[in-house]
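Chain naming here is simple, since letters A, B, ... match the order of the sequence lines and numbering starts at 1 in each. All values below were derived from every heavy atom in this structure, side-chain atoms included, with hydrogens, water molecules and symmetry-related copies excluded.
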2 protein chains.
Amino acid sequence: MAEILERQAKKPTPEPAAPEPMFDLIELLFFAYRDFIGDADRLLTRYNFGRAHHRVLYFVERRPGLSVAELLDLLKITKQSLSRVLKDLLDQNYIEQRPGLLDRRQRLMYPTARGKALALELAQLQSRRFARALAGLPEGARAQAASFLAAVRDPAAKDASGDAR
Amino acid sequence: MAEILERQAKKPTPEPAAPEPMFDLIELLFFAYRDFIGDADRLLTRYNFGRAHHRVLYFVERRPGLSVAELLDLLKITKQSLSRVLKDLLDQNYIEQRPGLLDRRQRLMYPTARGKALALELAQLQSRRFARALAGLPEGARAQAASFLAAVRDPAAKDASGDAR
DNA sequence: AAAATATGTCAGCTCTATTGACATATTTCA
DNA sequence: TGAAATATGTCAATAGAGCTGACATATTTT
């Protein structure tokens, strides 16, 4: 008897019925990122650099004086992965390291003039893509896109991303 | 005299003055994609699969009957890159191939029940992230995000992405 | 003085992607 | 019909970017 009631009660919602996946967003994000990153990739090959070099240069330029540990945390990669590309960038004078003033164990990283120039070139290239995209969209599109992308991030990661201090 | 006038006329706009790069969007897209793709990565390692397997499975599930050439064009990778992951998926019975009815040279790909199940699990995982993100955003956010991401893509690529036929 | 921290480096491994060359089956075209 | 084009598969070699684990050095903290 209890069984019947239970079964009846459950019927209307057999299982919490997983909602239809958002295939549109999954696919669009995949394509958008692939094309976005492709712009930079093409330019980087001319310098014999890869994506990893780009990311390091980008963050050092955006957050000059960054420590190695902070950069590792931002990129979420390991020290060993970083070391190869960082070495390239140091050797070829795109980035320079200076000991921390407060803690001399730290190697704080700064972009050189050369590094700044390349970082800017890459950022402008990617911005042109965004500018083209936004040109065909209504007024608040840039702010809306930023809100969406920020919300998609790991909630925890937001505090770690640096410049909010 | 003409020189002076010219110089004066030019002063206000010295160079076309490249606009400030959109660092906000560059960074947000990087982080959003990294976290988004990370969800799937963690699940995939449990199956000994990588991102490449995921992409292939995803598109075969979404566009059953896809030919190898169409898949290569969608993913923008080479035949050789595809072959290894495709072999894994075929061997482990996530995907099956059937000769094309019209053109028997083609190997049209279809997901198996097993493949469908994994593809769905992955899509639901990534959709949960989007759902969480959209929960905190105003009404039209999903449509706006989709418009933005679509506009960021290579304009040329849009026709090639398949399902609009 | 001991412990913890910041960084660097060595060795070895995986996954994803690349290019180039070549083979086979099938379809299309002159 | 015979040649050319197409769809696919496969072999070999290579690169880029990431990983783990182990260990060394300098510096700071306790």
Side-chain angles (χ1 to χ4, degrees), chain A residues 30 33-34 37-38 40-60 65-92 95-110, chain B residues 30 33-34 37-38 40-60 65-92 95-110:
Chain A
F30 165 69
Y33 188 78
R34 188 193 57 187
I37 207 77
D41 282 347
R42 277 185 294 279
L43 178 54
L44 288 161
T45 54
R46 297 217 286 272
Y47 291 81
N48 283 306
F49 286 149
R51 281 184 201 181
H53 298 91
H54 183 188
R55 289 178 192 154
V56 171
L57 182 60
Y58 176 87
F59 282 113
V60 170
L66 200 66
S67 75
V68 170
E70 287 166 341
L71 183 52
L72 289 176
D73 192 57
L74 266 179
L75 298 177
K76 298 263 189 288
I77 60 172
T78 60
K79 195 169 41 158
Q80 295 76 3
S81 297
L82 173 62
S83 76
R84 265 168 317 176
V85 296
L86 183 54
K87 191 172 191 313
D88 290 342
L89 291 167
L90 290 168
D91 289 351
Q92 293 172 54
I95 285 178
E96 62 182 21
Q97 283 185 323
R98 297 179 220 151
L101 292 177
L102 298 168
D103 182 340
R104 289 180 324 202
R105 290 171 303 180
Q106 295 181 322
R107 307 298 161 84
L108 305 185
M109 291 169 284
Y110 297 86
Chain B
F30 165 68
Y33 188 78
R34 187 194 57 186
I37 206 76
D41 283 348
R42 277 184 295 279
L43 178 54
L44 288 161
T45 54
R46 297 216 286 271
Y47 292 81
N48 284 304
F49 286 149
R51 281 184 200 182
H53 298 91
H54 182 187
R55 289 176 194 156
V56 170
L57 182 60
Y58 176 87
F59 283 113
V60 170
L66 201 65
S67 75
V68 171
E70 288 167 341
L71 183 53
L72 290 176
D73 193 57
L74 266 178
L75 297 176
K76 299 264 189 289
I77 60 172
T78 60
K79 194 170 39 160
Q80 295 74 5
S81 297
L82 173 61
S83 76
R84 266 162 317 144
V85 295
L86 182 54
K87 191 173 190 313
D88 290 343
L89 291 166
L90 290 168
D91 288 351
Q92 293 172 53
I95 285 178
E96 61 181 21
Q97 285 185 323
R98 297 179 220 151
L101 292 177
L102 298 168
D103 182 342
R104 289 181 325 203
R105 290 172 303 180
Q106 294 180 324
R107 307 297 162 85
L108 306 185
M109 292 168 284
Y110 297 86

- In Å and rounded to the nearest 0.5 Å, what is the CD1 to CG distance from A/Ile77 to A/Leu82? 5.0 Å
- Task: Enumerate the residue pairs fulfilling salt bridge (charged side-chain N to carboxylate O under 4.0 Å, His left out) with a member in residues 44-55 of chain A, sequence neighbours excluded, ordered by first and then second residue.
- Result: A/Asp41-A/Arg51
- Message: Just the rounded figure in Å: distance from C1' of C/dA21 to CD of B/Gln80.
- Response: 10 Å
- Item | Protein-nucleotide distance (B/Arg84, atom CZ; C/dT19, atom C1'), rounded to Å | 13 Å
- Item | Donor-acceptor under 3.5 Å (B/Gln92 side chain, B/Leu89 main chain) | no
- Would you state whether a donor and an acceptor, one from the side chain of B/Gln106 and one from the base of C/dT26, lie under 3.5 Å apart? no
- Query: Under 4.0 Å between a side-chain N/O of B/His53 and OP1 or OP2 of C/dC15, yes or no?
  - Reply: no
- Provide the closest heavy-atom pair for A/Leu75 versus B/Phe30 in the form atom of the first, atom of the second, distance. CD2-CZ, 4.3 Å
- Message: Within residues 42-50 of chain A, which residues have any heavy atom lying less than 4.0 Å from an atom of DNA chain D?
- Response: A/Gly50
- Message: Any N or O donor-acceptor pair under 3.5 Å from the base of C/dA17 to the side chain of B/Arg51?
- Response: no
- For B/Gln97 and B/Val68, which heavy atoms make the closest approach, and how far apart are they? NE2-CG2, 4.1 Å
- Atom CD1 of B/Ile77 and atom P of C/dT18: how far apart are they, to the nearest Å? 6 Å
- Item | Any A/Arg34 side-chain heavy atom under 4.5 Å of B/Lys76 side chain | yes
- Item | CG-CZ distance between B/Leu74 and B/Phe59, expressed to the nearest 0.5 angstrom | 5.0 Å
- On DNA chain C, nearest-nucleotide positions of A/Lys87 versus B/Ala52: which is more 5'? A/Lys87
- Task: Find which nucleotide of DNA chain D each of B/Leu86 and A/Ser81 is nearest to by heavy atoms, and output the residue with the more 5' nucleotide.
- Result: B/Leu86
- note: B/Leu89, atom CG; C/dC15, atom P; distance rounded to Å ~ 14 Å
- Message: For a 4.0 angstrom threshold against heavy atoms of chain B, report the outermost contacting nucleotides of DNA chain D in 5' to 3' order.
- Response: D/dA5 to D/dC11
- Message: The criterion is side-chain hydrogen bond (donor to acceptor under 3.5 Å, both in side chains); which residues satisfy it with A/Arg105, sequence neighbours excluded?
- Response: A/Asp103
- Item | Nearest-0.5 Å distance, OH of residue A/Tyr47 to OG1 of residue A/Thr45 | 10.5 Å
Between the protein and nucleotides 27-30 of chain C, list every N/O to N/O distance that falls short of 3.5 Å.
from: C/dT27; atom 1: OP1; to: B/Arg104; atom 2: N; distance (Å): 3.1

- Hits for ring-ring contact (aromatic ring centres under 6.0 Å, His included) against B/His53, two or more places apart or cross-chain, chain-then-number order -> B/Phe49
- Item | A/Leu72 CG - C/dT9 C1' separation (whole Å) | 14 Å
- Query: Any sub-3.5 Å donor-acceptor pair from B/Ser67's side-chain atoms to B/Glu70's backbone N or O?
  - Reply: yes
- Message: So, OP1 or OP2 of C/dT18: does either fall under 4.0 Å of a side-chain N or O from B/Thr78?
- Response: yes
